[in-house]
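Below is one structure, written out as structure tokens; the observations come after it.
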Amino acid sequence: MAAFETTYIPVNGASFGERLSSAIRGFVAAITAWNDERMTRIALSKLSDRELDDIGLCRADISAL
């Protein structure tokens with residue numbers, strides 16, 4: 001009688017679930033970082049030129065953030 005090994009050996013020590021979980025965490029982290037930057041640009045855009053000057057920025061610097 002023949003026997004087949006059915007045990008899955010993870011690639012590089014990570015199972016499919018771990019790789020999927022890592023990919024989802026990376027995606028969520030990227031979306032969170034994007035949203036934080038967007039909210040920062042919105043808040044800075046609401047400041048007056050004088051307030052921006054007080055913190056060492058000008059209007060052109062906002063888009064570079």
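By the rule that hydrophobic residues join a cluster once side-chain heavy atoms approach within less than 4.5 Å of another member, Leu57 and Ile42 end up as members of separate clusters. There is a path of hydrophobic side-chain contacts, each under 4.5 Å, that joins Phe16 to Ile24.
Looking at Ser22, its side chain never comes within 3.5 Å of a backbone N or O of Glu18 through a donor-acceptor pair. Not a single donor-acceptor pair under 3.5 Å links the side chain of Asn35 to the backbone N or O of Thr32. Using a distance-only test at 3.5 Å, with no hydrogens or angles considered, a donor-acceptor pair links the side chain of Arg59 to the main chain of Ser45.
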The test is side-chain contact (heavy atoms from CB on, under 4.5 Å); show your working for Asp54 and Leu47 and say whether it passes.
CA-CA 10 Å; Asp54 285 345; Leu47 296 178; over 6 Å; no

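The CG atom of Leu44 sits 11.0 Å away from atom NZ of Lys46, with the distance rounded to the nearest 0.5 Å. The line from CH2 of Trp34 to CD1 of Ile31 is 7.0 Å long, rounded to the nearest 0.5 Å.
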